[in-house]
Every structure is written in structure tokens, then in C-alpha cells.
Number of protein chains: 4
Amino acid sequence: MKALVKPYGKVGLRYVTDVPIPEIGPRDVLVRVLATSICGSDLHIYDDDPVFRERIPDGMIVGHEFCGRVEQIGEQVTTVAVGDVVAVESHVVCGTCYYCLNGVPHLCQEMAGIGFDRPGCFAEYIAVPAENVFPKPPSLSIEVAAFIEPFGNALDTAQRVDLFGKTVLITGLGPQGLMALAIARAAGARCIIGSEVHPYRRQMAQQVLSLHTDTRRTTRDAILDATQPDLAERIFEITDGLGVDVVLEMSGHPSAITLAGTVLKNNGHLVALGLPAQPVEFDWSHHLVLKGATLHGIYGRHLYQTWFTACELLDSRAVQLEPLITHRLPLERFEEGFHLLKEGQAVKVVLYPNGTETPIEGSQR
Amino acid sequence: MKALVKPYGKVGLRYVTDVPIPEIGPRDVLVRVLATSICGSDLHIYDDDPVFRERIPDGMIVGHEFCGRVEQIGEQVTTVAVGDVVAVESHVVCGTCYYCLNGVPHLCQEMAGIGFDRPGCFAEYIAVPAENVFPKPPSLSIEVAAFIEPFGNALDTAQRVDLFGKTVLITGLGPQGLMALAIARAAGARCIIGSEVHPYRRQMAQQVLSLHTDTRRTTRDAILDATQPDLAERIFEITDGLGVDVVLEMSGHPSAITLAGTVLKNNGHLVALGLPAQPVEFDWSHHLVLKGATLHGIYGRHLYQTWFTACELLDSRAVQLEPLITHRLPLERFEEGFHLLKEGQAVKVVLYPNGTETPIEGSQR
Amino acid sequence: MKALVKPYGKVGLRYVTDVPIPEIGPRDVLVRVLATSICGSDLHIYDDDPVFRERIPDGMIVGHEFCGRVEQIGEQVTTVAVGDVVAVESHVVCGTCYYCLNGVPHLCQEMAGIGFDRPGCFAEYIAVPAENVFPKPPSLSIEVAAFIEPFGNALDTAQRVDLFGKTVLITGLGPQGLMALAIARAAGARCIIGSEVHPYRRQMAQQVLSLHTDTRRTTRDAILDATQPDLAERIFEITDGLGVDVVLEMSGHPSAITLAGTVLKNNGHLVALGLPAQPVEFDWSHHLVLKGATLHGIYGRHLYQTWFTACELLDSRAVQLEPLITHRLPLERFEEGFHLLKEGQAVKVVLYPNGTETPIEGSQR
Amino acid sequence: MKALVKPYGKVGLRYVTDVPIPEIGPRDVLVRVLATSICGSDLHIYDDDPVFRERIPDGMIVGHEFCGRVEQIGEQVTTVAVGDVVAVESHVVCGTCYYCLNGVPHLCQEMAGIGFDRPGCFAEYIAVPAENVFPKPPSLSIEVAAFIEPFGNALDTAQRVDLFGKTVLITGLGPQGLMALAIARAAGARCIIGSEVHPYRRQMAQQVLSLHTDTRRTTRDAILDATQPDLAERIFEITDGLGVDVVLEMSGHPSAITLAGTVLKNNGHLVALGLPAQPVEFDWSHHLVLKGATLHGIYGRHLYQTWFTACELLDSRAVQLEPLITHRLPLERFEEGFHLLKEGQAVKVVLYPNGTETPIEGSQR
């Protein structure tokens, strides 16, 4: 079958056409990949970033956001049937470690990541444990279903704190920041302020915000240029000098973390999803202790509460992610997709390993 | 001045015109009442319901939901000025009891209720502690400002549990049930089911629901007739057999409490604001213990977190209460208002003790 | 093998000696039962109480609290080995229903109870899923390990609310009330009040309380006779007129529920484990709404957070359950044990289906 | 009267004898200072640390931890009487700012600190608002009552997370770390690990731990030398490789923060009271995000929930602070006390501005 694999220690991915179709175990399913999207971490893998270099064996198939059709099921599988169209949780957890047994399997010590530690979805077929598949709601397109997985991260970040009636700052408006923005409004945030470096993404943010905001409503929402020196002043202006109740930190940039700490109210909450490459200089005294603030780290998605909520939000169109799909390409043209993303000229690029003509239900395509 | 007073042990209220204008203490303010609304408990007082009979001294001025203009301030008052237009918290708390000192002043043991234990607002003027007044946001009409107080109860009920993405049942769609309905949607509830006996109120509920729901959205919302025998079945149908995540119990009716317990999911939350007149028969084993459910009693409003949130929601038009104002009358025509409410032909009736022509800011009037 | 089975529709249990040793599936283990204790629900089954009659098929082996040694493991079992001494979670959950997938498997819709819906542990051997066994900490005796399972219920009840520095009322001092009493003190409860009808249990409560209370400490603890008419007055006296912060309701008696509601502080918490046989008359207005109280229903145990905590508390001797073992009998003398429990002359009766001489580690025996 | 005042821009404090006894306003009380203790921040003030230099006006009386007898009350004061022996909350809040009105007065924007922004207690007399005094429980000595105030910080830190059954690391065993250690055990922490640089304090920690630990109990408690290079390894060893559930960070040292982040479990809680002098280098990705950790900043004390709990814990001897009083000196010998503290040879030094012979109730003296 066709697949994109990672050559160890080299930049780029290799398009290969002779990978064997994977075999499945008794509790696995074989999924034909209908649509798969490129994640920010895939860009790092492409670039041979040292962060991932040692984790990914030579020749590993990468990719972990996808939707597909079940082609074959293991003999002990009862929860899914051949023909089902499914989205897939990319974290394969052990089920027996301390964290799995303590109600937080998403923090499993032995987690194997699809597209990192085990073969990924930039391929025609993939084998995954049956417990990792989640039925695609009929109303969803296969493209949106492909990125329920990262949407889950944004959702866990945005719903860690009740945002109803709150003033929220979102730092970093990449795919997950944009999703968080839609979620924050759907959850009743009173005022949403976004900060982002790229003009393209700021424009997209305005569009996402409009799409999710009832026109009868008055807001002080603002999408700000993160490169402006007076960013904190602007935020205090918008918030009558009080600052924000909640920050959703989606960028991992040290300057965003400093901004977050600066404009957070006393008693405020900072929810952190972004991953700085290095330790950051953090004003522990003024931005945490003296404010009586709370900081929440978010990793993965709750298994599977987050999936239920994600599907319900998308199915009811409380959150609409179609505008995030900026490009659609067959798998073999992956280089174009990676290029666009690196240039900041795309949000979600969808790849089709099995052709784009696949007829599939989904009124919202 | 003119006022409505309660004759002890008799049905009805007495309209009097010779009450002295109240004097104020050093920490009080004198408020000229611009608009005041009739609460459900005022109906009980009118009817000489035994629940309130002994609490209310003969000749007491009643009424506790109002907006007015500050006419005079006590010598130690610094937080409010003459001319300010204000809404007023009706619970006057002691500030020194166990509960006041433990962060829950709304549960004060020595609370004096305006219009119950101390003179109310069905009058041209009223004296209240300066700490009980809250500035009316300029965008709000005086009528809506008059019922921020009961809105606060609905708000504390609806925001006790994060409703984002949840399926919510609201039992009882009187003024507070209708407010809760608007709040639940603004807070991102996925599916809202209301149950109510009166057709007039069910119709109003549909209107409130439409007003707060983005037309681009798909919902399974339903406003049901509480007299139908198959109510629980209908709710299970709507919720794919699962039941609801949260119930907001606004009615105090035993049958609503039974319904609530029946259709609540395992691990669900029931938030109770309604006050049954008698103890109820409650299926403790099946509706609380075996479901692992949580029940929350709500009394009063948080002082003053709830006021901040209430004003912000109304100011941003995230919640719109204008449609609830079904009737406007000068104070002396109060009998009409009480009659309409008892017939179930009104939601909020606003009385004007100082004439209806009062020019006042408020774009949303 | 020997076992106790339930004859449908008749009072009592039947001691049989010709039951085949159970076969195990690929993910099960076969456990040789070393010690098993009689639960309150076993008494109801013995009495042919209608509550359980239809649930339990004719000839079902009953019993669900036990500790044993693994004799055989299924071919796919990797988490436990032959020879391991284990305690067992009696709720066998489906792993695939809405609740299992939403982080609350202890509220599984398809739960099969050992000793109710599938063969129990009043037998020489039992087959259980490998995921339901938990290693016995070496320091624990097999007898204490046998009732980690009910201890888990008491623990989930007592730790639902942080008890540190709190005044706690425990209504009902049967085995779980006594365990809750030990836990409450270990968790730092300032003042513990217990109410119980049986003098034997009140005496046991005093002993358990002494065992867990540092002698250097001053407390206002009291174990009260639940039949006294002035119970509420006594509790208000002890608590300086304020009432209690938390009630742990372990009895299921309507009078205990009324007492709980009466003496609960405003803003207090009532945690309910006891199961009334019928709906109760509950003062919803005064005991829930007007107090701003919270009621928590508890069912089962968290899988498996509660098991970890339970084992740690017992291993460190923060909680000591040995005194609760009042009688030890070979399986065939089960009638004596049931009789003693019905007379209120025992707390935990341990039965030995494989003889009492079994040599087993456990310094605390 | 006699007092210790701060000369602007100079090291040390000045002992003066001619300060006028303060006058009180209508809502204030005049307190005769019976016992006052030296806080760590007093050491910084003594040293003319730039952190406090500009905040403290020339000639300001310093000191903020004290117990005294009410000598005079303002005309509007009703909650306290002449002769009452009281402890005093040192944060004088405005009551009208955004935070005071939102249920978090301890985070007041306009807070005036006794001994910083307004005259302190290193003096014979002090005037304070009546609402800031709290009655000394009769069983407490005046010395212990003098430091209920800092005990409140330790208490808010230690009870932010339920410690029952948890493994807790406390970094920094100065007065507040030692108090936290006592609280953690009283709250049921299973295993307490302390880290501290000074041998004197480590020895004191052992003593405090023994005093609060029932001898019947088995623990893995350890007091570790914070200068050891293998500190993290030691902690993983003690915790079977899992790390700790909770860290209470009381030191403000960057190395303690790094240690905390290193040994924290996934899903763990880090509660921060210590104030680093500079921003710290913090491994945001590994110590917050990827662990799914929660960080809580603590400032001040809840007004006045924390005071109630503090007094109850001390009154019942659940927490015993007497051993922390290592030195007692008349006010004029303050230099000795400051010297001892700077040398790390004292924990709490109590000063007596009105002589040490003051007869006062308190069985625990």
C-alpha cells in the first residue's frame, strides 16, 4: 500500500508504495483511511526536529489525525462492525499502569502514539485497537471527523474552566487556538481576545468568531497582533483595567506565557496546552502566587468523555470547523501541504490516501 | 408617600398614600423607586399564605424587586452618589454571623428581607444599605434592572453546574424557569427540555428559546406539557434513552421532583430552587444513591459575584429578558397585575410608583 | 466443590458439596477463596427479601466480599500470576457502555455483580475477570483483605467531601458506618458524632474511635443512641448551636435522613450510601433548598482509585479494621454467622471455605 | 509608647519610646499588644531589602503577627468588647473593590498591610479595624495566638488540595513549612517528605512530625537535606518510582521549584506559597503541560473561613504549634531575636512589648 514514512535523521518524509497492508490482532480493527489531516507535530517530524528524532524509528509511517472505514475486525471485537466509518483516538493506552487504573488513562505511562511509536495514518490502511475507534456522527464530513482528535485537545483545554460569562484570552491562533476560540464562544464566554503573530491566522480568527457569534449580541472581542509592544495595555483597556478571567495558552511561546501572567486577574485561571521547546522564564511570584492564580496543564484527551462532547458539539453545529479546512490534496501531493503550513498559509490540510472521490455520508461536507 | 402595605391576617394589599418618606442611617441610601416587579412570593403574601403570615408585621410595605434613582446618601456612604440609577439586592445581611464570616453571606443567619422583614419597594421611596445597591449598566432598561434580583437566583441555579454541551431539563417555566432557559442556552447547553403546566408559559418558553438560539444550530430542544402522563418517556426518547445530565428544578412541585429523579442520568446533577410547600416523597435510593447523583440547593444570590455576572450577561445581550415584561402598570393599578399573574396570563408585571414617564437612559427599554 | 447457593423463593441458603469447579475464560482467573465475609445484602438474600428475589437465579452461588489465592490464569492474562493473593472488586463492568466510556465505570449500565448476577465467593473456588483482582498488600491479613470491597464504599462516601477540620455526623454504625468513622478521623475530622440504635454497635464505635484518635487530642466526639427523642438537640448542643458540616448517611433509615437534614449547617454536605427500602418523606425546602445544601449519592467504588487509597490506608495502619472482625467460622457453619448478624451481635463474620489453617502472609492478622 | 520603627533606606530597626498611643476611628479597636512574633518578611524589612523599601514610609511601626487585649472600642463597634483577648488579621481590606465584592477579599486590590502600609504591632498599642480581630480561643496561649496569622497562610496552602491518603512533598521547612507539615499529617497525608537546607530546621521538622504522628502508624516519612544532589532520586525511591501527589512549595527557591516539578506525579498538584525574588526558569512543558499538573498560587488567608479552621485545629490540639516557639524576649531585646533568625537558629521568636508577666488564660502556654 501507499504511505508516508520517516527516514531516520533526515529532513522530509518519503512517499512509498510498497508497504504491506497491516495485519490485525484479535482486538484490533483494520481501517481504510478516507481522510487524514496534518498536525503541527507532523511538521516537526518532517523537519527532523530533535524533539521527536529518537522517538520515531526509521521507516515509521507517520500521521495520527484521521477518519476511515472499518475493513476488517479482530475475532474478539464486538463494538464495531465492518463498514463503520470512524474517527480514531491516537493514544493507545496500556490499561494496566498506575494512571490507567486511577481514572486518568490519558496520562498513561506506557502510551503508544499512533504515527510516533506505532504505524500512523498517512497510509491507505492502518490497524488500531477497537477501543480506540469512535463512530463518526452521520452529520459530520470525513474531513472534520479526521480532526476530532486535535479538537479534543482544544476542548479539554477550553472546558477545564467554566467559561460562561468569562473574559478569555487565547494566545496562539493556530488550528487548536482557532478551535478553542469557537469553543469558548459556544461555551458562553462574554469577551474573547485572541493574540497571534500571523495575519492570515488573525483573519481566519475573525471569520471563526463571526461564525460562532449571534449577530444580536454586543461583544468586546478583539483579535490582536501578538507582535505589538503594547499588547498587555490593549487587553487592560478592553477589560476596564481588570484583565482576563481565563487564559487559554495554545502557543508555547515564552512571550505569550508572560503576557498571560501579566493580564490574568487575581484568582484567574491559566490553562496551558502549548509546549515551549525550552524551559521558560516565569514570574512565579507575581503571575502565580501573589495573584492566587491557578495553572492547569492539559495533555491528550479524556478517554472518552471528550470524544462524546466533541461529537455532540460538532453534530449540533454548536461548533463548526469546516472553515478550518483550507486545503485538500491526494496523499502523494503531501509536499504542497507541508509547504503551505510552514509558510503559515494554511490551517488544516486534508490528505486523501484513497482518493478524494470516496462517496461518504455527511451533510456538512 | 404612596405605598402598598400588608394588613395582617387579611387577603390582599392596601394602597395607602400617607406613608412618611423613610429616613436613612449613616450607611444607607434613599432610593426613588422607578420600576418594580411583582414576584411569585408577593402573590403568596397577597393571598395571606400561612408560609409568610407570621413573618410580615401588620402594615409592612411589601415588594423587593426594583430599580431606582439615589436621592440621598448617608454621611458615611462613599460608593454611590445622588443621581445614580441602581438595582438593589433585597437580602440585607448582618456581616458578622458565622455564615457572613465564612464566605457565604447569602446564607446569613440574621438576614432581613426587603419587603418581608423591613419596608419594601412597592412605594415611592425606600431606604436601603449602600452596600446593597448595584449600579444599573447604562444599556439596561429600568424594567429589566428591576428584576436583576430574581434573575440572580436563576443564574445561581443555572451556573451551579457547567452546562456547556449538556442536556438540561428545566421543570417549571415561570419567570425564573424562563430566565434559566435563556441562561442555559447562553451557557452552551446542547439540548434544553422544559416542562410546564400552563400553555401561556410554554408558548413564552418557545419564544425565549428562539431568541437565544442561533438559527444555524441544530437542537433537540423541546417544551413539554407537564400534565402529560408520558413525560418521562418523551424525555428518554429525546435523549436516546440516556436521560438528562442536569435538571434545574424551578417549580417546587412534587411531580417535577419525581420526574427529575426519574430522567436524571447516573452521575447527574439536580439543582433545586423551587420550594415545595410540604415535605415531598422522594425516591432516595433510586434517584440519589444508586444513580450516584448530586443534588444542589440554591438560596439567594452570591454577594456580589452573581450581580457582576448578571449585569454582564444582560449588558452584552447574551441573555435578553425584555420579552418577559408582559405588563406595565402604575402602582395604584396593582390589583390588575396580581390578577393577571394569578390567572397565569402574565410573566413579569412592572409597577411604576413614580409614574411611567420617568426619562431614563437604557437603550434596551 | 463446596458452596452456598440460593434456592429461588425460599428463605435461607443451601450448603452444597457437589458444585463443579468453575472454568475460566482467556481473560479470567480462578481464585481459591481463603476468606470471605458476610455483607448486609447477603442477609437480605438469606431472608428472600423481594428486593433481590428476581435478580438472583435459582441455585446461584452467593457472597461477594473475599480474598483468595490465584490458582489458574486465562491465556491472555498478564497482570496477575498463579500464587498471587488477591482481593476482588465484585462489580464486573462491561467496559463499553456510555458510563464505562465516560470515566464512571462504577456506574456501568450493564454491571454484573458477583454473588448476585454471576457466581459468588461463598465457595471453594471462583472465576473472575483478571481486571477485577487487586493484589493484597503483604501487611494485610486475608480477613481484612476480604472486606476491602465494602471498605471501598465507606471510603468513597467519606472522601467525597474533604473532612479535614470538619464536624461530621455518621448516621448508622453498622460495618460501613464503623469504617466511615475510622476514615473520618484518619482524614482529620475535628468532631465526629455517630448515631446508632444497637448498643453493641455503639460500644464498638467507641472502641473504633479510641483506636483512631491520638490521646493527646481534645475532641467533642459523641456516639449517640439513635432512639433518643432529643437527638437533634444533643447534636446542636455539641456543635454550639451550629450543626454539622457533613453528614455521612449509612443507614437508609428515614429518621436518620430527617435527622441529617435537621442538623446540617447551611452550605453543608450530606453524603448518602444507605438505601431506604421505600421512598422517604424529605423536607426538600428546609433541608436542601433553603440551606443551600449539597446531597451526594454514592454507589460502588471508583475503579480503581478507591482500591489504591484503601490499600494504602490499611497498609499504613492509618485505618485499622481488625476490631471489626468479631467472628470466624468455617463455611459450613454459615448459619451461626447469619444468626449473629441478624441479632446485631456481630460486625464482620468471616467464613473460610478452604479451612482456617491456610498459612498466609499478613503481619496484621 | 514603645515601638520598633523602620528608618527609610537604612538597615535595622529603631527602638523608640515616645510614639503617641494611636487614636481609633468609630469602627476600630485599640489593642494592647501582649505577644508578637517575628515574620520572615520582618527580616527582609530589617535588612532594607529593595522588595519592601519603597512600600514602607520612614518611621513606620513594623510587625504584623500578634495577640493582644482590647483596651478601647470605637463607637460603632458591636462585635468585640473591652477586655477581649484577640488575634488579628493583618490584611485590612477595602470591602468595595472588584475582588472584595466577588467573594475573594483576601485578594483585595486596595489592601493595606499592618506593619507595612499602616502602623504595625511591634509596639505597646495598635489600632485596627474591629472586623480584623478574632477572639482567641481560651485554650490557646497568647504566643500561639500571635502566629495564627502566618498559620493561616500555611493552612490555606495545605488545604487547597485534600491531602487525605496522599503523598506530600513540602519544600522549605521554615516556620510555615513546619506548620504545613503538622497540618498535612493532621489532614491525613499518608507520606510526608520534607526538604530543607538548614540542619536545625530539619531536626525541628522531625520533632514536629513525631508530635503529630500516632505511634501505631507505619509511614515512609522522610526529612531530607535539600543540598543533596540526588534529592529527586531519593524521593522516587521512597514513592516506589511514582513521585508525589502534592507539593507544598514554601521556600520560593528556584531549585525547590525544579525539584517539585520533577517529582510531581502526572495529574498532581503543586501549591505555591513561597515567593522567589526573581522570575524562575520553569520547565513549562515537562512539569506542567505533559504531566497534566495543576499549580495553585496562595496569597493571604480566606477572610475568615481560614481563621475559624485555624482556631479549631489549634483548640482541639489536632495541630500543636508550641514547639515552634524557640525564643521569648522583651521588645527591647529585638536585636537578639532578629540575629538568631538570620543565623537559622530559631523558628518563632516571640516579643513582649508589655512585659512577659502579663497574666492571661491559656492552658497550653
Side-chain angles (χ1 to χ4, degrees), chain C residues 137-140 151-152 155-156 158-168 182-192 210-221 239-240 242 245-246 265 267 302 305-320 322-323 363-364, chain D residues 137-140 151-152 155-156 158-168 182-192 210-221 239-240 242 245-246 265 267 302 305-320 322-323 363-364:
Chain C
S139 68
L140 262 61
F151 179 58
L155 188 52
D156 267 11
Q159 69 180 351
R160 178 65 175 253
V161 173
D162 187 344
L163 298 182
F164 177 50
K166 299 291 199 312
T167 297
V168 181
I183 299 165
R185 178 49 36 83
R190 175 165 53 104
C191 168
I192 300 176
S210 297
L211 185 61
H212 291 84
T213 306
D214 197 303
T215 52
R216 291 163 293 197
R217 207 153 150 186
T218 314
T219 80
R220 293 184 170 185
D221 296 346
T239 58
D240 295 327
L242 282 170
D245 296 300
V246 180
K265 275 185 192 172
N267 210 31
H302 282 88
Q305 300 95 299
T306 304
W307 281 84
F308 280 87
T309 307
C311 286
E312 290 158 358
L313 291 172
L314 296 171
D315 180 48
S316 66
R317 303 189 64 75
V319 173
Q320 299 173 59
E322 291 78 8
S363 57
Q364 297 182 23
Chain D
S139 67
L140 262 61
F151 179 59
L155 188 52
D156 268 9
Q159 68 180 353
R160 179 65 176 253
V161 173
D162 186 344
L163 298 182
F164 177 51
K166 298 290 198 314
T167 296
V168 181
I183 299 166
R185 178 48 37 83
R190 173 165 54 106
C191 167
I192 301 177
S210 297
L211 185 61
H212 291 85
T213 305
D214 197 302
T215 51
R216 290 164 292 196
R217 206 155 150 184
T218 314
T219 80
R220 292 184 170 185
D221 297 346
T239 58
D240 295 326
L242 282 171
D245 297 300
V246 181
K265 274 185 193 171
N267 210 30
H302 282 88
Q305 300 95 297
T306 305
W307 281 84
F308 280 87
T309 307
C311 286
E312 291 159 357
L313 291 172
L314 296 171
D315 181 47
S316 66
R317 303 187 67 73
V319 174
Q320 300 175 58
E322 292 78 9
S363 56
Q364 297 182 21

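Here is how names work: the chains are called A, B, and so on, in the same order as the sequence lines, proteins then strands, and each is numbered from 1. Quick caveat, the model's predicted, so the values are computed rather than measured.
- How far CG of L242(C) is from CZ of F308(D): 8.5 Å, rounded to the nearest 0.5 Å.
- Across every non-hydrogen atom of G165(C) and E312(D), the tightest pair is O-OE1, 3.8 Å.
- Put simply, the side chain of R216(D) gets close to the backbone of L211(C): a donor and an acceptor are under 3.5 Å apart.
- When all heavy atoms are compared, the tightest approach of T213(D) to D214(C) is C-OD2, 4.4 Å.
- Considering CD1 of I183(D) and CZ of F164(C), their distance stands at 6.0 Å, rounded to 0.5 Å.
- Closest heavy-atom contact between R217(D) and S316(C): CG-O, 3.1 Å.
- Looking at R190(C), the atoms closer than 4.5 Å to chain D (heavy atoms on both sides) all sit in the side chain, from C-beta outward.
- Looking at T215(C), there are no atoms closer than 4.5 Å to chain D (heavy atoms on both sides), in backbone or side chain.
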